[in-house]
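Here's the structure we're looking at; comments come further down.
Worth knowing before you read on, the calculation uses all heavy atoms, side chains too, and leaves out hydrogens, waters and symmetry mates. The residues of the chain are indexed from 1 along the displayed sequence. We count ligands from 1, going down the list as the structure has it; atoms in each ligand are counted the same way.
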Amino acid sequence: MINAKARAVDGPDKPFRAAEIKRRDLDSDDVLIEIKYAGICHSDIHTAHGEWGPVNYPLVPGHEIAGIITDVGANVTKYNIGDRVGVGCMVDSCGQCENCRKGEEQYCLKGNIPTYAGVDKYGEPTQGGYSTHIVVQEDFVLRIPDNIELDVAAPLLCAGITTYSPLNHWKVGNSKKVAIVGMGGLGHMAVQIADAMGAEVTVLSQTLKKKEDGIQLGADNYYATNNPETFEKLAGTFDLILNTVSAKIDLNAYLGLLTLDGTLVNVGAPAEPLSLNVMNLIGHRRSFAGSLIGGIRETQEMLDFCAKNDIAPKIEVISADQIDEAYKRVLASDVKYRFVIDTSTM
Ligand code: NAP
Ligand code: ZN
């Protein structure tokens with residue numbers, strides 16, 4: 001067993017504390033990663049707070065992991081000691097089902113094994129990236145391009161792929177009109193990626209406070225959703241709306257902003273159910289869809305796309321002692337635009 005330092009939480013209302021956790025000895029296809037940076041995703045907060053259902057505490061969250069390989073199993077072929085790598089939201093899947101064979105491991109019919117709050121093939125609980133080390137089988141490890149620093153690489157492993165995948169799937173190039181709802185961790189990546197894909201990008205944020213940043217990141221337009229005129233002015237405008245909001249929003253108001261055949265894709269995952277009036281779909285043959293992270297092959301494609309197009313998250317690096325404070329600030333929409341933990345402070 002390999003000892004790792006970590007930050008764990010013991011219950012929905014508990015603060016983070018220092019912990020020692022065990023990582024398994026390397027199997028033949030495993031690599032050992034010394035984690036350098038771990039991003040804080042709003043999903044970590046939903047999970048740590050027990051909002052998505054019961055959790056086995058103590059919990060070590062973190063699925064935006066960037067680090068260096070320090071050991072490899074006997075049969076590892078893709079990676080060497082010293083390689084700069086990342087790990088995202090999943091660490092395993094069945095590998096056999098139709099979806100896994102298509103490279104859509106996130107939709108594994110037997111369920112993918114999440115990086116934390118899951119149970120691995122040995123029956124052990126998985127623990128995430130707020131930690132100094134992790135052991136992962138090589139097929140679920142990503143290569144970080146040389147021109148992306150490890151601290152900014154970390155958020156790409158969830159915020160990057162979660163926004164790249166639907167923008168890619170719904171083919172937003174060719175000046176398609178795309179709206180990004182919510183400019184937090186996911187939203188500010190979506191703006192950059194949609195812009196680089198060739199879309200005409202509009203941000204729909206609660207207020208105009210972050211307008212300058214949004215325009216600088218590549219948005220063509222920026223509107224405040226606390227102003228009812230926004231919904232009148234933009235009615236019937238967008239081919240695609242990507243909703244990244246972590247809380248319940250009035251879907252019907254946003255569906256009204258879609259064109260004929262337009263699609264509203266939800267990646268935001270609030271605990272409360274969202275409701276919609278089907279008349280808002282029927283009237284203009286609109287669709288409402290969801291999307292979960294992205295497969296391993298597509299995640300590598302996203303990393304290479306970001307490297308090529310100079311796309312990077314805006315981050316605030318924090319120490320391990322600042323996690324509780326960072327959670328509070330994310331909940332207050334006071335993050336510009338991703339907190340990243342420097343694991344050397346563990
Ligand atoms: P985040 O950094 O907190 O950003 C969420 C943004 O939503 C905020 O910055 C804010 O943007 C807006 N917002 C927050 N509360 C709101 C409210 N009450 N009404 C309207 N807008 C509000 O969170 P994130 O890390 O980007 O994650 C966003 C959501 O995506 C979370 O629910 C997370 O669990 C989910 N997620 C899903 C996947 C997936 O695979 N589908 C993957 C990762 C994360 P403005 O200040 O601009 O209004
Ligand atoms: Zn995430």
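Expressed to the nearest 10°, the angle at the Zn ion (ligand 2) joining SG in C158 with NE2 in H63 is 120°.
A donor-acceptor contact shorter than 3.5 Å is absent between the side chain of E138 and the backbone of V31.
Nearest non-hydrogen protein atom to atom 11 (O) of ligand 1 is M183 N, 3.3 Å. The nearest heavy-atom contact from the protein to atom 40 (O) of ligand 1 is I293 N, 2.8 Å. The closest protein non-hydrogen atom to atom 6 (C) of ligand 1 is G184 N, 4.0 Å. Nearest protein heavy-atom neighbour of atom 33 (C) of ligand 1: S43 OG, 3.4 Å. Among all non-hydrogen protein atoms, the one lying nearest atom 27 (O) of ligand 1 is H42 CB, 3.4 Å.
Residue nearest to atom 7 (O) of ligand 1, selected from N266, L331, V245, D250: V245 (by heavy-atom distance). With G182, G268, A159, G187 as candidates, the residue nearest to atom 30 (O) of ligand 1 on a non-hydrogen basis is G268. Nearest-heavy-atom check against atom 17 (C) of ligand 1 across H63, K211, Q206 picks out Q206. Considering each of N243, T225, T162, the one bringing a non-hydrogen atom nearest atom 39 (C) of ligand 1 is T162.
Donor-acceptor pairing under 3.5 Å is recorded for the side chains of N280 and N252. For N75 and D29, the side-chain atoms include no donor-acceptor pair closer than 3.5 Å. Looking only at atom types and distance, the side chain of Y164 has a donor-acceptor partner in the side chain of E301 under 3.5 Å away. In this structure, a donor-acceptor pair under 3.5 Å is present between the side chains of S165 and E298. With hydrogens and angles left out, the side-chain atoms of Y57 and K14 include no donor and acceptor closer than 3.5 Å. With 3.5 Å as the limit, one finds no donor-acceptor pair spanning the side chains of S319 and D321. Counted by atom type alone, Q106 and E104 present one or more donor-acceptor pairs between their side chains at under 3.5 Å. Side-chain N/O atoms of N221 and T202 include a donor and acceptor closer than 3.5 Å. Using modelled atom types and a 3.5 Å distance limit, the side chains of D44 and Y327 yield no donor-acceptor pair.
By the 4.0 Å heavy-atom criterion, K248 is excluded from the residues contacting ligand 1. Under a 4.0 angstrom heavy-atom cut-off, W52 registers as being in contact with ligand 1.
The proximity of A247 to ligand 1, defined as any non-hydrogen pair under 4.0 Å, is limited to the side chain. Residue contacts with ligand 1, taken as heavy atom pairs separated by less than 4.0 Å, involve H46 solely via side-chain atoms from C-beta onward. The side chain of C158, and not its backbone, has at least one atom closer than 4.0 Å to an atom of ligand 1 (non-hydrogen atoms only; side chain from C-beta on).
Within the coordination shell of the Zn ion (ligand 2), defined by N, O or S atoms under 2.8 Å, C41 is present.
Close approach to L292 involves these atoms of ligand 1, each under 4.0 Å from a residue heavy atom: 40 (O).
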